[in-house]
Structures are given as C-alpha cells and as structure tokens.
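These notes are about the structure you will find just below.
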Amino acid sequence: MAPTEDEISAQLQPDVPHAARIWNYWMGGTDNFAADRAAGDAVAQVYPEIVLMAQHSRQFLIRVVRHLAAEAGIRQFLDIGTGLPTMQNTHEVAQAVAPDSRVVYVDNDPMVLAHAQALMGGTGGKSRATHVDADYHDPELILAEAAKVLDFSQPVGVMFMGVMGYEPRLAVVSSIVNRVMEATPSGSFLVLWDGTNTTPAVVEGAARLAQSGGVPYVLRSPDEIGSLFDGLEMVEPGLVQITDWRPDGKAEWLDAYGAVARKP
C-alpha cells in the first residue's frame, strides 16, 4: 500500500541531510531543504567536481538506456535506487525509443515516493512505469514486486546508478547485485556506476559529507567496482569513467567509473 501524504510528511526530516535531496541540489533541482544544501556545499567546497559528476551521471544514464533500448532491444528496465525524478528519467528515455518499454523504479525515500506518485499519476502495477517502495538490501522483495510489471522470462536491464557507495561492505554489494542478476534470463544487462577513490579531493569530499550529517558514502577503487561485473560480458568500452562511456563529445575527468555488461 502506498504511503499517505501525512505519512510521507512525517518521514521527510527536513533538518537532516538526505542523499537523494543532496543529489537533487547538485543537479540544480529544487526538491531539497537547507540542510541538504549545506551538506552539498560542504562537499563542493573541497570537491567542486561533484556538481559535474551529478550532471554527467544523468548523461551516462541517457546514453546507456538509449543504447539498451535502441541497439540491444531491451524493453524492460529495473532502476534500483532511482532517487528524485529530474529530466530525462529512465522511462522517458526508453519510451522515446520504444514506447512499449516498461520501467520499474525502486527507492524507499519518502520524498522520492511522493514525487513518484505525482509523476506516475498514482498508477498501479499495470502501468508501463511504476515505483516500488523497497530498500536495495531486500532484493527478494524488489524482485517480487517488479514481477508484477516485468516479465522475468525476458531480458531486463538492471540499473544501480551511483547508489552502492551507501553500503559500506563490498561483499554485501556483490551479494545484492548477484541476487538480482540471478533472477534475470540470458540477454539481460547490468548497468552500474559509483564514485571512486581516485583522487585525494574526492576522498576529502566524502569525508565532508559524513561530517555534515549526510549518510556516509564509501568510495571504492575501479577494480572493486569492476568485480561486480564478474561472470558478465562487458559491452565496449568496458569499465571506464562514466564520461568516457560512448561520449557524445569531449569527455571530462571524473572520479566515477561504470560499465554495461550482458548476462551470457
């Protein structure tokens, strides 16, 4: 059952910085509070590139979803840890290529769910784009709810976009990814990116985030992120900075790596 407006309001906690709202602030959105902006500014003071990372992460999503829909023939997407809706969301990009594409978004943030209800018009499981209220630590619940919309006998594009740093243990992250991918058939794809510990400035930025009251974000090495694709077939150009994944123009350096890989 979807939460009521009163339940959502009670959970918002505007005085506590929240990841989805901080990210929204970095992307230039307005769905954030003073505490979120303060935390975002604390990070940007030592790592101003975080704003570019937020913007380029959306461009990476657009390129990836367009590739999967147009070139790989994927018609189903499971976007786990989606965050607040902004411009060119997964369903909009996919359905611009193939109007019959179905998208399930997963998040457990009350503000995200409130916006999801407005964006999707409160539609239920028969919609071609819907939201599931769940934490990515519960993949079985996610899969059960997603199965009401998606056909898991057909390939699915599974997406974890910049969210796995909120789980400090790499073994847990790997388990989550594996449990979701095991439920998908051959021909499915994993899309995943995360921030990396590749410069001192980004490491300091992560420390400032935690000091400001935001949920700590664990930066991993590119090799650690690459290990999450074990057993899958990398799509060219493989694991790269997200700005280097089939860029539309000149690529900029960012401490964020990702890849797209096919389940054989």
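Keep in mind that this is a model prediction, so the values were computed, not measured.
- For the atom pair R66 CZ and Q88 CD, the distance stands at 6.5 Å (nearest 0.5 Å).
- Side-chain atoms of D244 do not come within 3.5 Å of backbone N or O of V240 as any donor-acceptor pair.
- With a 4.5 Å cut-off on side-chain heavy atoms, V180 and I142 do not count as touching.
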* Test log, rule side chain to side chain contact (heavy atoms under 4.5 Å, CB included), inputs R220 and L170 -> CA-CA 9 Å; R220 297 188 164 94; L170 182 61; 3.7 Å; yes

* Asked: Given R169 and V173, is the side chain to side chain contact (heavy atoms under 4.5 Å, CB included) satisfied, shown in steps?
  -> CA-CA 7 Å; R169 297 159 294 179; V173 172; over 6 Å; no

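- Note on L232: it clusters hydrophobically with V191, by side-chain heavy-atom contacts below 4.5 Å among ILVMFWY residues.
- Linking Ile, Leu, Val, Met, Phe, Trp and Tyr residues whenever their side-chain heavy atoms come within less than 4.5 Å leaves V172 and L141 in two separate clusters.
- Put simply, the side chain of D255 never gets that close to the backbone of N197: no donor and acceptor are under 3.5 Å apart.
- The CD1 atom of I242 sits 11.5 Å away from atom CG of L192, with the distance rounded to the nearest 0.5 Å.
- Once rounded to the nearest 0.5 Å, the distance linking OG of S174 with CG of D230 reads 7.5 Å.
- A donor-acceptor contact shorter than 3.5 Å links the side chain of E92 to the backbone of N89.
- In this structure, a donor-acceptor pair under 3.5 Å is absent between the side chains of S221 and D223.
- Closest of all the heavy-atom pairs between L228 and V177 is O-CG1, 3.9 Å.
- Counting only distance, with no hydrogens or angles, the side chain of R63 and the backbone of W245 share a donor-acceptor pair below 3.5 Å.
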Show every donor-acceptor pair shorter than 3.5 Å between a side-chain atom in residues 206-214 and any protein atom, with sequence neighbours excluded, or say none if there are none.
| unit_1 | atom_1 | unit_2 | atom_2 | d |
| --- | --- | --- | --- | --- |
| R208 | NE | E204 | OE2 | 3.2 |
| S212 | OG | R208 | O | 3.3 |
| S212 | OG | L209 | O | 2.7 |

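- In terms of hydrophobic clustering, with Ile, Leu, Val, Met, Phe, Trp and Tyr side chains grouped at heavy-atom distances under 4.5 Å, V203 and M53 are assigned to a common cluster.
- The distance from atom OG1 of T184 to atom CZ of F152, rounded to the nearest 0.5 Å, is 8.0 Å.
- Relative ring orientation between Y136 and F160 is described as perpendicular, the plane-to-plane angle rising above 60° on a 0-90° scale split at 30° and 60°.
- The minimum heavy-atom distance linking R179 with L143 is given by the pair O-CD1, 3.9 Å.
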* **side chain to side chain donor-acceptor pair (under 3.5 Å) between R128 and H91, intermediate numbers included** => CA-CA 8 Å; R128 292 194 182 278; H91 74 283; over 6 Å; no

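- Taking the side chain as every heavy atom from C-beta outward, T243 and F60 never approach each other to under 4.5 Å.
- Under the 4.5 Å side-chain contact rule for hydrophobic residues, V97 and V65 do not share a cluster.
- What you find for Y257 and T198 is that their closest heavy atoms are CE1-CG2, 4.2 Å.
- In this structure, E233 contributes its side chain and A261 its backbone to no donor-acceptor pair below 3.5 Å.
- Residues Y105 and T130 fail the side-chain proximity criterion, which asks for heavy atoms closer than 4.5 Å.
- Separating the CG atom in D36 from the OH atom in Y25 is a distance of 10.0 Å, to the nearest 0.5 Å.
- Looking at R21 and D31, no side-chain N of the basic residue comes within less than 4.0 Å of a carboxylate O on the acidic one, giving no salt bridge.
- Remark: H56 pairs with no residue by the ring pair (Phe, Tyr, Trp, His ring centres under 6.0 Å) rule, at least two apart or across chains.
- At distances below 3.5 Å, not a single donor-acceptor pair connects side-chain atoms of R102 with backbone N or O atoms of R75.
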* Are F189 and V235 close enough, and set up right, to give a side chain to side chain contact (heavy atoms under 4.5 Å, CB included), and what steps lead you there? -> CA-CA 9 Å; F189 287 83; V235 174; 3.8 Å; yes

* Run the numbers on D151 and Q154 for side chain to side chain donor-acceptor pair (under 3.5 Å), then give the verdict. => CA-CA 6 Å; D151 177 1; Q154 300 298 316; 4.5 Å; no

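- Only one option out of T82, V106, V104 pairs with H131 in a side-chain contact (heavy atoms from CB on, under 4.5 Å); it is T82.
- Remark: the backbone N or O of P222 is not paired with any side-chain donor or acceptor of T196 at under 3.5 angstrom.
- In terms of modelled atom types and a separation under 3.5 Å, the side chain of S186 and the main chain of P264 share a donor-acceptor contact.
- Hydrophobic clustering (side-chain heavy atoms under 4.5 Å, transitive across Ile, Leu, Val, Met, Phe, Trp, Tyr) groups I50 together with L52.
- By the ring pair (Phe, Tyr, Trp, His ring centres under 6.0 Å) test, Y217 pairs with Y166, sequence neighbours left out.
- In this structure, D138 contributes its side chain and D135 its backbone to no donor-acceptor pair below 3.5 Å.
- Taking the six-membered ring wherever Trp is involved, the centroid distance between the rings of H18 and W23 does not fall below 6.0 Å.
- Within the 3.5 Å criterion, the main-chain N or O of M181 finds a donor-acceptor partner in the side chain of K263.
- The two residues W193 and M161 have their closest heavy-atom pair at NE1-C, 3.4 Å.
- The minimum heavy-atom distance between V218 and P168, with the atom names listed, is CG2-CA, 3.6 Å.
- For the atom pair OG (S175) and CD (E167), the distance works out to 10.0 Å, reported to the nearest 0.5 Å.
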* **Candidate pair I22 and N32, rule side chain to side chain contact (heavy atoms under 4.5 Å, CB included), full reasoning** => CA-CA 7 Å; I22 296 170; N32 49 74; over 6 Å; no

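- Taking every heavy atom of both residues into account, P155 and P185 meet most closely at N-CG, 3.7 Å.
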